[in-house]
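Read through the structure below, which is laid out as structure tokens, and then see the notes.
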Amino acid sequence: MTDIKSLSLSELTQEIKKLGEPVYRAKQIFKWLHERGVYSFGEMTDISKGLREKLTEEYYIPEVIIEEKYVSKLDGTVKFLFRLYDGEYVEAVVMSYKYGKTICISTQVGCKMGCSFCASTLAGFKRNLLVSELEGQLHTAQNDIGERISHVVLMGIGEPLDNYDNVVKFLRLINDNDGLNISLRDVTLSTCGIVPRIYDLIEENLPVTLTLSLHAPNDELRSKIMPVNNKWGVDEAIGACRVYAEKTSRRVSFEYTLIGGVNDSKECALELAGKLRGFISHVNLIPVNEVIERGNKKSTENALINFQFTLKKHGINATIRRTLGSDINASCGQLRHRKKQDN
Ligand code: SAH
């Protein structure tokens, strides 16, 4: 059985030809799969019954099913725990902003990166998400809330550049006029810094915003909290971001999760300002979400404000991330972990 929803339009057209059907059928099926996001051939009402039966025999549409859903009473943020065709779980969050709805999606079932503060690695790495499952998170969420989702961030469970081919194919699919028609300028890809893949991404000519999860200004500290740094250090990762910004003319931003007593000192802020000097970028300061198993503590309010102040004083644009959905534990990784423990 072939996952029909992970095929590009040209691949789908080849399949339709193989079935001896006219080529225009491919576009019709494509629209059902990618524009409307249906999960069964039975719903494709303008396709003949005979063809629908043939499709059912040879292809499947991997479904992304809502297992749990939480709506924040504070700001309307919606958090989903999705079940996949093989019984695995991933999470996504839909946030409301003035400019529309943004979805934060997962890219893998679990994660291999092993960052010390993050919940996503706790339940172990299982597999990459299929192209259809990356997109299915958008379809299922959009059809459930009944409103268009216009912005996407790849910041849920998993490392997007560790599922590179599927993520790139997914980006092209959501950008298609006959699909979700999402502007790639409204997509943000967050990476822990798989440097060769950042260079590969430049070559794809996709105008997505890149975000590097930096979290420390030097190799000694960063390697302690992010094992990936042992492969590609701070300077290499920031260097790749500089090239990305130059070559794509897209803004690059940096995530910096502040962990009390670990990376929130004035020295760290000064060192970070030095590393980013002359780089037109943006630093997002995120108070660490305390994951019990990880034992990390939030920075004090003072440390947070001072960190931002020091960056700004040295010409680095920095904001403190507004917390959305704090009453529903909206940060990713924790629901899947709990579900695994329950089972
Ligand atoms: N693997 C990608 C994307 C997923 S993580 C990446 O590393 O960027 C999304 C962001 O959430 C990253 O910046 C990550 O470092 C951050 N994050 C993970 N756990 C966190 C926690 N407990 N508190 C605050 N931020 C966290």
Side-chain angles (χ1 to χ4, degrees), residues 79 90-93 95 102-123 125 128-129 134 137 152-164 166-167 170 187-195 197-198 201 208-216 221-229 231-232 234 237-238 240-241 244 252-260 262-264 272 281-299 304 307 318-326 329-338:
K79 171 137 198 176
V90 289
E91 297 167 41
V93 183
M95 295 153 287
T102 297
I103 189 166
C104 171
I105 62 163
S106 296
T107 53
Q108 297 179 309
V109 180
C111 186
K112 300 178 206 156
M113 299 299 133
C115 299
S116 69
F117 43 85
C118 181
S120 295
T121 329
L122 288 174
F125 174 79
N128 281 329
L129 289 190
L134 294 166
Q137 296 172 75
V152 181
V153 299
L154 282 72
M155 256 192 212
I157 299 173
E159 166 50 47
L161 297 186
D162 190 39
N163 185 10
Y164 184 87
N166 288 354
V167 164
F170 156 78
V187 175
T188 300
L189 186 152
S190 178
T191 178
C192 63
I194 303 191
V195 167
R197 292 309 206 182
I198 296 178
L201 192 62
V208 298
T209 301
L210 183 70
T211 288
L212 177 70
S213 296
L214 194 54
H215 308 324
L221 183 54
R222 193 167 188 261
S223 293
K224 273 192 203 150
I225 56 175
M226 299 181 70
V228 68
N229 196 74
K231 263 200 161 152
W232 301 285
V234 170
I238 296 177
C241 292
Y244 188 92
V252 171
S253 58
F254 297 93
E255 307 282 310
Y256 196 103
T257 293
L258 286 158
I259 309 167
V262 174
N263 63 358
D264 61 347
L272 178 61
S281 61
H282 181 94
V283 178
N284 250 320
L285 299 171
I286 314 160
V288 72
N289 200 297
E290 294 170 0
V291 178
I292 302 161
E293 292 85 343
R294 294 307 203 183
N296 285 317
K297 285 267 165 286
K298 278 198 169 49
S299 297
L304 199 62
F307 202 95
T319 47
I320 298 174
R321 162 104 39 98
R322 191 161 68 92
T323 309
L324 287 175
S326 54
N329 223 342
S331 305
C332 270
Q334 309 201 26
L335 287 182
R336 170 173 180 257
H337 178 50
R338 204 199 64 218

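Counting starts at 1 for both ligands and their atoms, following the listed order. The figures here come from the full heavy-atom set of this structure, side chains too, leaving out hydrogens, waters and symmetry mates.
For Asn163 (side chain) and Thr107 (main-chain N/O), a donor-acceptor pair under 3.5 Å exists by modelled atom type. A donor-acceptor pair under 3.5 Å is formed between the side chain of Asn263 and the backbone N or O of Thr257. Remark: side-chain polar atoms of Gln108 are not paired, donor with acceptor, to backbone N or O of Phe125 under 3.5 angstrom. Using modelled atom types, no side-chain atom of Arg197 and backbone atom of Asp162 make a donor-acceptor pair closer than 3.5 Å. Panel note: side chain Ser106, backbone Ile157; a donor-acceptor pair is recorded below 3.5 Å. When atom types are taken as modelled, the side chain of Asn284 and the backbone of Ser253 share no donor-acceptor pair closer than 3.5 angstrom. For Tyr244 (side chain) and Leu201 (main-chain N/O), no donor-acceptor pair under 3.5 Å exists by modelled atom type.
Contacts between Thr211 and ligand 1, counted as non-hydrogen atom pairs separated by less than 4.0 Å, are absent for every part of the residue. Here Glu255 has side-chain heavy atoms under 4.0 Å from ligand 1, and that is the only part of it that gets that close. With a heavy-atom cut-off of 4.0 Å, Glu290 does not touch ligand 1 at all. With a 4.0 Å cut-off on non-hydrogen atoms, Thr257 touches ligand 1 through its side chain and not its backbone.
The option from Cys111, Ser116, Ser213 that lies nearest to atom 7 (O) of ligand 1, judged by heavy atoms, is Ser213.
Distances from ligand 1 to the non-hydrogen atoms of Met226 include no value under 4.0 Å. In this structure, Ser120 falls outside the shell of residues with a heavy atom less than 4.0 angstrom from ligand 1. The shortest separation from a heavy atom of Met155 to ligand 1 is under 4.0 Å, placing the residue in contact.
The distance from ligand 1 to the heavy atoms of Gly158 drops below 4.0 Å at these ligand atoms: 1 (N), 2 (C), 3 (C), 4 (C). Those atoms of ligand 1 that come under 4.0 Å of a heavy atom in His215, given as number and element, are 13 (O), 14 (C), 15 (O). Close contacts of ligand 1 with Glu159, meaning ligand atoms under 4.0 Å from a residue heavy atom, involve 1 (N), 2 (C), 6 (C), 7 (O). The atoms of ligand 1 that sit less than 4.0 Å from any heavy atom of Cys192 are 6 (C), 7 (O), 8 (O). Per-residue contacts place Cys118 under 4.0 angstrom from the following atoms of ligand 1 (heavy atoms of the residue considered): 18 (C), 19 (N). Every atom of ligand 1 is numbered from 1 in the order shown, and the set under 4.0 Å from a heavy atom of Gly156 is 4 (C). Residue-ligand proximity, Asn289 to ligand 1, at heavy-atom distances under 4.0 Å covers atoms 21 (C), 22 (N), 23 (N), 24 (C).
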Walk me through whether Lys298 and Glu290 qualify under side-chain contact (heavy atoms from CB on, under 4.5 Å).
CA-CA 7 Å; Lys298 278 198 169 49; Glu290 294 170 0; 3.4 Å; yes
side-chain contact (heavy atoms from CB on, under 4.5 Å), that's the test. Do Leu221 and Asn229 meet it? Break it down for me.
CA-CA 9 Å; Leu221 183 54; Asn229 196 74; over 6 Å; no
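For Phe117, a nitrogen or oxygen atom sits less than 3.5 Å from a nitrogen or oxygen atom of ligand 1, counting backbone and side chain alike.
Side-chain atoms of Phe307 and Ile320, non-hydrogen and from C-beta on, never get closer than 4.5 Å to each other.
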